[in-house]
Amino acid sequence: MKVHSVELLISAVHPKQYPSGGRPEIALAGRSNVGKSSLINKILNRKSIARISQKPGKTQTLNFYKVNDSFIFVDVPGYGYAKVSKKQKETWGPMIETYMTKRPYLKAVILIVDARRPPTNDDQMMYDWLKHFGIPVIVAATKADKIKKSQYSKALQAVKTTLDMEESDRLILFSAQSGTGKDDLWKAILSYV
């Protein structure tokens with residue numbers, strides 16, 4: 001997909017701050033330091049629309065990015081390990097849950113996992129939680145450039161098995177470095193918007 005324009009609309013913490021307009025939304029969720037910001041920057045062809053940090057937990061709000069004036073990506077705070085206070089992390093759960101369960105414009109969630117290892121317990125809980133609420137899931141296994149091509153099939157199978165993925169959910173191997181999976185990820189996203 002050709003990305004002509006990207007605009008950060010707002011960094012929100014409460015529903016009253018969410019943007020209006022009724023555009024379809026795709027949320028991006030994953031552990032802190034799994035490569036969520038790198039994935040966003042790669043698929044949007046921008047170097048730093050989403051801030052990348054060596055310090056896990058940089059995203060602390062719901063960041064709404066309008067893409068091509070037609071739909072919105074919503075970057076949510078990472079779960080699991082993050083270098084922020086416990087009190088700060090405790091606010092993220094309700095903020096994310098409120099957004100994902102109450103937002104009528106949310107069409108799907110891209111769950112980002114690390115292709116180099118099986119999904120964590122936190123990844124499994126997030127996948128199960130999304131399925132419980134009937135939210136469509138696209139799983140993106142990032143950092144594909146860090147494993148050998150001969151290991152791709154094994155890595156994808158580990159993700160499918162660990163998450164106990166439903167057949168209808170898409171699983172895409174992705175690399176922000178090489179661009180592997182970028183076109184497939186766009187096809188999956190566009191099927192929801």
Practice prompt. Check whether any side-chain heavy atom of V109 lies under 4.5 Å from a side-chain heavy atom of Y127, and answer yes or no.
Written response: no
Practice prompt. Verify side-chain contact (heavy atoms from CB on, under 4.5 Å) between I26 and V67, making sure each step is shown before the conclusion.
Written response: CA-CA 11 Å; I26 302 290; V67 180; over 6 Å; no
Discussion item. Donor-acceptor pair, distance only, cut-off 3.5 Å: does the side chain of T142 make one with the backbone of V34?
Written reply: yes
Worksheet item: Which atom names give the shortest non-hydrogen contact between I172 and G181, and what distance separates them?
Response: CG2-O, 3.7 Å
Practice prompt. Examine distances only and state if a side-chain atom of Q17 and a backbone atom of H14 form a donor-acceptor pair shorter than 3.5 Å.
Written response: yes
Worksheet item: Is any side-chain heavy atom of D122 less than 4.5 Å from a side-chain heavy atom of M125?
Response: yes
Response to the item:
Taken to the nearest 0.5 Å, the spacing of D114 CG from D123 CG works out to 9.0 Å
Worksheet item: Say you draw a straight line from CZ of F174 to CD1 of I110; how long is it, rounded to the nearest 0.5 Å?
Response: 9.0 Å
Worksheet item: Of the options K2, H4, K182, which is the one that meets N45 in a side-chain hydrogen bond (donor to acceptor under 3.5 Å, both in side chains)?
Response: K182
Worksheet entry | A115 to A155 - nearest heavy-atom pair and separation | O-CB, 3.4 Å
Response to the item:
Heavy-atom nearest pair, S70 first then P24, reads O-CD, 3.5 Å
Worksheet item: If you look at every heavy atom in S191 and R170, which pair is closest and at what distance?
Response: OG-NH1, 2.7 Å
Discussion item. D75 and side chain to side chain contact (heavy atoms under 4.5 Å, CB included): which single residue from I40, L62, T61, L8 fits?
Written reply: I40
Item to complete: Give the minimum heavy-atom separation between A29 and M126, together with the two atoms involved.
Response: CB-CE, 4.3 Å
Practice prompt. Evaluate side-chain contact (heavy atoms from CB on, under 4.5 Å) for V137 paired with L163, printing each intermediate quantity in order.
Written response: CA-CA 12 Å; V137 182; L163 294 180; over 6 Å; no
Practice prompt. Using a 4.5 Å cut-off on heavy atoms from C-beta on, say whether the side chain of I72 contacts that of Y105.
Written response: no
Discussion item. For Y99 versus A27, what's the shortest heavy-atom pair and its separation?
Written reply: CE2-CB, 4.0 Å
Worksheet item: Can you tell me if NZ on K160 sees more than 12 non-hydrogen neighbours from other groups inside 6.0 Å?
Response: no
Discussion item. Side chains of I189 and I43, heavy atoms from C-beta outward: is any pair under 4.5 Å?
Written reply: yes
Item to complete: State the NZ-CD1 distance between K107 and I138, to the nearest 0.5 angstrom.
Response: 13.5 Å
Worksheet item: Is the centre of the F71 ring less than 6.0 Å from the centre of the Y192 ring?
Response: no
Worksheet item: Does some side-chain heavy atom of I147 sit less than 4.5 Å from a side-chain heavy atom of K154?
Response: no
Practice prompt. Would you please classify the geometry between the F64 ring and the Y18 ring as parallel, tilted or perpendicular, with 30° and 60° separating the classes?
Written response: tilted
Worksheet item: With a 4.5 Å heavy-atom cut-off, do D184 and K187 have their side chains touching?
Response: yes
Item to complete: Starting at CG of L111, measure out to CE of M165 and round the result to the nearest 0.5 Å.
Response: 8.5 Å
Response to the item:
dist I112:CD1 -> L39:CG (nearest 0.5 Å) comes out at 4.5 Å
Practice prompt. Let me see the working for R46 and Y65 under side-chain contact (heavy atoms from CB on, under 4.5 Å), right down to the final yes or no.
Written response: CA-CA 12 Å; R46 301 296 189 273; Y65 298 95; over 6 Å; no
Discussion item. In the structure I gave you, are the side-chain heavy atoms of V76 and M100 within less than 4.5 Å of one another anywhere?
Written reply: yes
Worksheet item: If you round to the nearest 0.5 Å, how far is NZ of K42 from OG1 of T180?
Response: 9.0 Å
